[in-house]
Structure formats: structure tokens, C-alpha cells
Amino acid sequence: MKKLSVIIAAALIFALFVPLRSDAITFTPNFTVNSEAAVLINLDKDITVYEKNPTKKIYPASLTKIMTAMVVLDNVKDLDNTTFEAPLVVFDELYGQGASAVGFSRGEIATVADLMYSMLMYSACESAGILAYNVGGESIPNFVDMMNQKAEEIGCTGTHFVNPHGLHDPDQYTNARDMALIAKYAVENYPKFVEIACTTQYTMKATNYQAEGWATIYHTNKMLSTGSDFYYQYARGLKTGTLDESGRNLVSMARKDGNNYLLVTLGAPMYDAEGNKANGQYEDHKNIYEWAFNNFSYEKILSTSQEITELPVLLGQDSDHVLLVPAEDYYTLWPATLDVSTLKTEISTEDYTNSDGSVTAPIAKGQKLGTYTLSLSGEVLCSVDLIAKEGVELSQIDYNIMKAKAFVGSFWFKLAAGIAVVLIIAYVIIYAAAVKKRRRKMKRVSGKRRRF
């Protein structure tokens, strides 16, 4: 069989889908993404579809509060019936920094639920501080250590925290890939986080300082507000974050037609070219989601019934070749406008074959005999085992003939044959000498008889 190896450089297709990284195929759309960095993940299949500057160091701003929420949820199980008092140290830290706040005061006692809603929805920095101080054993630095331990635990390699609220500190940083990892972990492991972070409107409960319903808060993500110019009906949650030093950051999810995505964008500009306030992060999220929803579907790229190649078989009883097929089906998210035939194929069997490229029977059905790699523009999409489609039994007659030929050609056989030849020659020489000697002797005896 011929290799399935075709590379088609389709200019129109590649204007829409251009691979990004060398360790996995991702694609980028043909429109401008305002944010400095971005990562788009399909949550259903756990596949990263798009990345832009995924490891670029950027300040997280209030996206920090996602990690704060996870550490709180690890340590507080009953949010509605657990209360914390607001300590002075929290307000001393935030004083004069222009931090976003919901309106708690020193000595105020609030439920953890209200603190969490105000922190995640409204991005209240004092709520983050109150939670950190109490969960950290009356020590915010201790809580920050817990945040960093959690980041390391879930696999972050470019993230470091120094506070629980996200106000600027040069030693507090992250990147889009780490933040996507953090957000994905929160979504998959903390149902309460999802519930709170996806709520669009919430009324605060009474405290020792405030009457019941003292404040109604709304989510800071304007994509969730029907009255906003940035409303996007498929968007859900999760967290906004804005600093002069970081630009505009946003983490959200979107669901459409059973497809679920999570998108992180970092570093969208604060102002446009004319100096007006810009909100390019919302444009990025809507455009990237629509691009993904409209162009990607979950496709079977390889099938176990697909015959990839064949190998010659030595000593086969009923067949002189074996067909190789993929060991497993391979599915991935694939753009509808990109033909699978554009993938480059590579078949590797050298580690499983003889020097002449053949294999020797017996061959078991399902036996691994190679690998099959699919790539696009140098980026590997997948590498799967190639296995024998059917078994090939050993021909005992051919095997015995081969063994006989091998024995005849072996060193020991040649040595034995050489020794035998030498012995035969020696025997002939000795025998000839003996015959000659006997004849001379008989001749002498015959001569003596004639003289008498």
C-alpha cells in the first residue's frame, strides 16, 4: 500500500488557520486579537484550540481572586453558616490604592458566602482580604503561601502570588497558560465556585452593621449583562481583572449547541489610539468564541479499520505480507475548512523489522510493528501505534529449510566439513601409501620365489 502522505498548502485555508506551537496543533483566526496573550480550551474534550503568547509574563490583577476562592473552598465547607470578622489590617493594606470594594467596614461580620459573592462577582478587594486573613489563621502571608502551594499542586510553572486580591506587585505574576490551568481546575473541581462566579446578580445578607439586603451587586463581566453593549448570550462568568500595569484581563466560559469553551485573555489595552477607554477584551472573547463555535467540530482523524501500510513477512504459512492499522481511533477538534489530507504522514517500522524491512513469522494479530505520526507544518498532531491487522502463522517447512540453510552456512558446519575433508585426504594418502608399500612387499616376495 502507498503511504498516505500528502501536503497541500492551501492559501485560503491557512489564512484562517495557522498552526502555532511545535508540541501540539493549535490554530489562530484571521482577525486581530487585542489582548497580549490568550488561551482557548474546549472543556468537553480538554483540547487547547488557540494560544497567543501563552507563557508571556503578565500581572493577573483581580484574576488572582480565582485562586483565593479555591483556597477558601478547600478550607470552608459551609459558606452560608460560617462568618468572618473584618480585621483592621485588611483596610490598612488597601487604604489609598483605589481598590474596588463592596462596602464592608472594620469589625463587620459577614458570611463566607457573601464574602465570596462580593469577591468573585463584584471583585471586592476587602472581601478577598477578610477571607485570606481568617482562613490563613489570622495571617494573610500564611494564606498567600497556601495560594502558591495550590498553584504548584495543579501544575503552574510561571505563576507567583504575594496577595489575595490582585493589586499590583511586581512579584505577583502569571501567564495565560497557567491562568487557563487555574480557571479550568476551579471549574472542574469546585461546583460552588462555578455557581458563584456565574451568578449575574446577588443581594447581600444582613451583617452586624448592615440591614438585610443592604446591597445588590452585579457581575463585573459586561458580557453577562443584557443591557450592555458587550452582551454575549452564550457567555458565563467568570472573572475580570484590570490594572494599569496589566491591562484588561478576562476569564469566561461559553456554551453553544452542546460545546463548552473556556477562554483566558490577558493584557488587552486600557485605551485606544485616540486615548479613549477601550474594552477590547470583550471583543476578543466574542470573536474567539464565535470563531470556535462556527468552525470546529469533533472529528475522527484515524480509524482502526484504516490500512496504513504493509510489511513483507518471512516464513509465513499462508501469507507473505501483513497489513498494519492504527491501534486506536483518534479524534480531535478539527476546523471544517481544513482537509485532513493536508496532514503529513510518517510511518516508522525500523525498530520492529529485519534489516531488509521484513518481519518474521509468527506474527500475532494486534502485535505492534511500528508507529504512525500525523503532523501539519512541522507540528505533531498525534502519534499512534501500528499493529498487525491479522496474524500470520509460521510455516514449519520453510522454517526447517531456513534452519538447514543456516546450519550449512554456519561456522561450525564449515569447520566440521573442513576437518572431514582433511581426514578424508589424510585417509586417502595413508591408504595410498599403505597400498604402495604392500605392492612393493609383494613384488619382493615374488622375486625371491622366482630365484628358488
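- Defined by atom type and a distance below 3.5 Å, a donor-acceptor pair is present between the side-chain atoms of Asp284 and Ser35.
- Closest heavy-atom contact between Gln317 and Val392: N-CG1, 4.4 Å.
- Residues Ala101 and Glu126 come closest through the heavy atom pair CA-OE1, 3.2 Å.
- When side chains are defined from C-beta on, Leu63 does not count as touching Thr174, because their heavy atoms never get closer than 4.5 Å.
- Residues satisfying the side chain to side chain donor-acceptor pair (under 3.5 Å) criterion with Thr373, sequence neighbours excluded, are Ser383.
- Atom CG of Asn134 is separated from atom OG1 of Thr83 by 9.0 Å, given to the nearest 0.5 angstrom.
- A distance of 9.5 Å separates CD of Glu328 from CD1 of Ile387, quoted to the nearest 0.5 Å.
- Side-chain contact of Thr220 with Ser123: a donor-acceptor pair under 3.5 Å is absent, judged by distance alone.
- Stacking of Lys222 on the aromatic ring of Phe230 is not recorded, the 6.0 Å distance cut-off and the 45° axial limit not both being met.
- Judged as a salt bridge (Lys or Arg N to Asp or Glu O under 4.0 Å), and not counting sequence neighbours, the contacts of Asp385 are Lys368.
- When the salt bridge (Lys or Arg N to Asp or Glu O under 4.0 Å) test is applied to Glu153, the partners found at least two apart in sequence or on another chain are Lys150.
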query = Stepwise, does the side-chain contact (heavy atoms from CB on, under 4.5 Å) test hold for Val313 with Asp320?
reply = CA-CA 5 Å; Val313 176; Asp320 61 358; 5.6 Å; no

request  = Let me see the working for Lys277 and Tyr271 under side-chain contact (heavy atoms from CB on, under 4.5 Å), right down to the final yes or no.
outcome  = CA-CA 4 Å; Lys277 284 187 177 181; Tyr271 303 95; 3.8 Å; yes

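- Annotation for Phe161 and Ala151: closest pair CE1-CB, 4.2 Å, computed over non-hydrogen atoms.
- In this structure, a donor-acceptor pair under 3.5 Å is present between the side chains of Gln172 and Asn163.
- Using a 30° and 60° split on the angle between ring planes, Tyr261 and Phe293 fall in the perpendicular class, above 60°.
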Verdict with supporting geometry, Leu386 and Leu369, side-chain contact (heavy atoms from CB on, under 4.5 Å) = CA-CA 6 Å; Leu386 287 177; Leu369 294 174; 5.8 Å; no

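- Distance alone, capped at 3.5 Å, is enough to place a donor-acceptor pair between the Asn287 side chain and the Glu283 backbone.
- Looking at Tyr372 and Leu302, their side chains come closer than 4.5 Å, going by heavy atoms from C-beta outward.
- The closest side-chain heavy-atom distance from Leu381 to Trp334 is below 4.5 Å.
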Which atom pairs, one a donor and one an acceptor, fall under 3.5 Å between side chains of residues 104-122 and the rest of the protein, sequence neighbours left out?
| residue | atom | partner | partner atom | Å |
| --- | --- | --- | --- | --- |
| Glu108 | OE1 | Ser105 | N | 2.9 |
| Glu108 | OE2 | Thr207 | OG1 | 2.6 |
| Thr111 | OG1 | Asp114 | N | 3.1 |
| Asp114 | OD1 | Tyr202 | OH | 2.4 |
| Asp114 | OD2 | Lys205 | N | 2.6 |
| Tyr117 | OH | Glu195 | OE2 | 3.3 |
| Ser118 | OG | Asp114 | O | 2.8 |
| Ser118 | OG | Leu115 | O | 3.0 |
| Ser118 | OG | Ser127 | OG | 2.7 |

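- Other residues, nucleotides and ligands contribute more than 12 heavy atoms inside 6.0 Å of the CD atom of Glu245.
- Ring planes of His285 and Tyr289: perpendicular class, angle over 60° (limits at 30 and 60°).
- Side chain to side chain, Tyr232 and Glu290 meet the donor-acceptor criterion of an N or O pair below 3.5 Å.
- How far CD of Gln97 is from NE2 of His165: 6.5 Å, rounded to the nearest 0.5 Å.
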Let me have the donor-acceptor pairs involving side chains of residues 182-189, under 3.5 Å, with sequence neighbours excluded, atom names and distances please.
| residue | atom | partner | partner atom | Å |
| --- | --- | --- | --- | --- |
| Lys184 | NZ | Asp46 | OD1 | 3.3 |
| Lys184 | NZ | Glu188 | OE1 | 3.2 |
| Lys184 | NZ | Glu188 | OE2 | 3.2 |
| Asn189 | ND2 | Tyr185 | O | 2.9 |

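- Between atom CG of residue Leu338 and atom CZ of residue Phe27 there is a gap of 6.0 Å, rounded to the nearest 0.5 Å.
- When only modelled atom types and interatomic distance are considered, Asp78 and Thr82 share no side-chain donor-acceptor pair under 3.5 Å.
- Two residues are said to be in side-chain contact when any heavy atoms from C-beta on lie closer than 4.5 Å; Leu238 and Cys198 meet this criterion.
- Scanning both residues, Leu311 and Gly357, for their nearest heavy atoms gives CD2-O, 3.9 Å.
- Pairing each heavy atom of Glu307 with each of Lys389, the nearest pair is OE2-NZ, 2.6 Å.
- Judged by the 6.0 Å distance and 45° axis criteria, Lys45 is not positioned over the aromatic ring of Tyr331.
- The shortest distance between side-chain heavy atoms of Leu250 and Thr240 falls below 4.5 Å.
- A donor and an acceptor atom, one from each side chain of Ser348 and Glu350, are located under 3.5 Å apart.
- Looking only at atom types and distance, the side chain of His219 has no donor-acceptor partner in the side chain of Asn221 under 3.5 Å away.
- Side chain to side chain, Asn249 and Tyr59 fail the donor-acceptor criterion of an N or O pair below 3.5 Å.
- In this structure a side-chain-to-backbone donor-acceptor pair under 3.5 Å is missing from Glu390 to Val322.
- Checked against salt bridge (Lys or Arg N to Asp or Glu O under 4.0 Å), Lys365 has no partners two or more places apart in sequence or in another chain.
- Distance alone, capped at 3.5 Å, is enough to place a donor-acceptor pair between the Asp178 side chain and the Thr159 backbone.
- The structure places CD1 of Ile288 at 7.0 Å from OG1 of Thr265, a figure rounded to the nearest 0.5 Å.
- Judged purely by atom type and a 3.5 angstrom limit, Asn75 uses its side chain to pair as donor or acceptor with the backbone of Val71.
- For the atom pair CG (Asp257) and OG (Ser297), the distance works out to 12.0 Å, reported to the nearest 0.5 Å.
- At a threshold of 4.5 Å between non-hydrogen side-chain atoms, the residues Leu324 and Thr349 count as touching.
- Heavy-atom minimum distance, Gln210 versus Gly103: NE2-O, 4.0 Å.
- Looking only at distances, a side-chain donor or acceptor of Asn142 sits under 3.5 Å from a matching main-chain atom of Gly136.
- Between Leu40 and Thr26 there is no side-chain heavy-atom pair separated by less than 4.5 Å.
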ask   = Stepwise, does the side-chain contact (heavy atoms from CB on, under 4.5 Å) test hold for Thr157 with Arg177?
value = CA-CA 9 Å; Thr157 58; Arg177 190 175 292 170; over 6 Å; no

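- Under the 4.5 Å side-chain criterion, counting only non-hydrogen atoms from C-beta, Met179 is in contact with Pro60.
- In terms of modelled atom types and a separation under 3.5 Å, the side chain of Asn260 and the main chain of Asp44 share no donor-acceptor contact.
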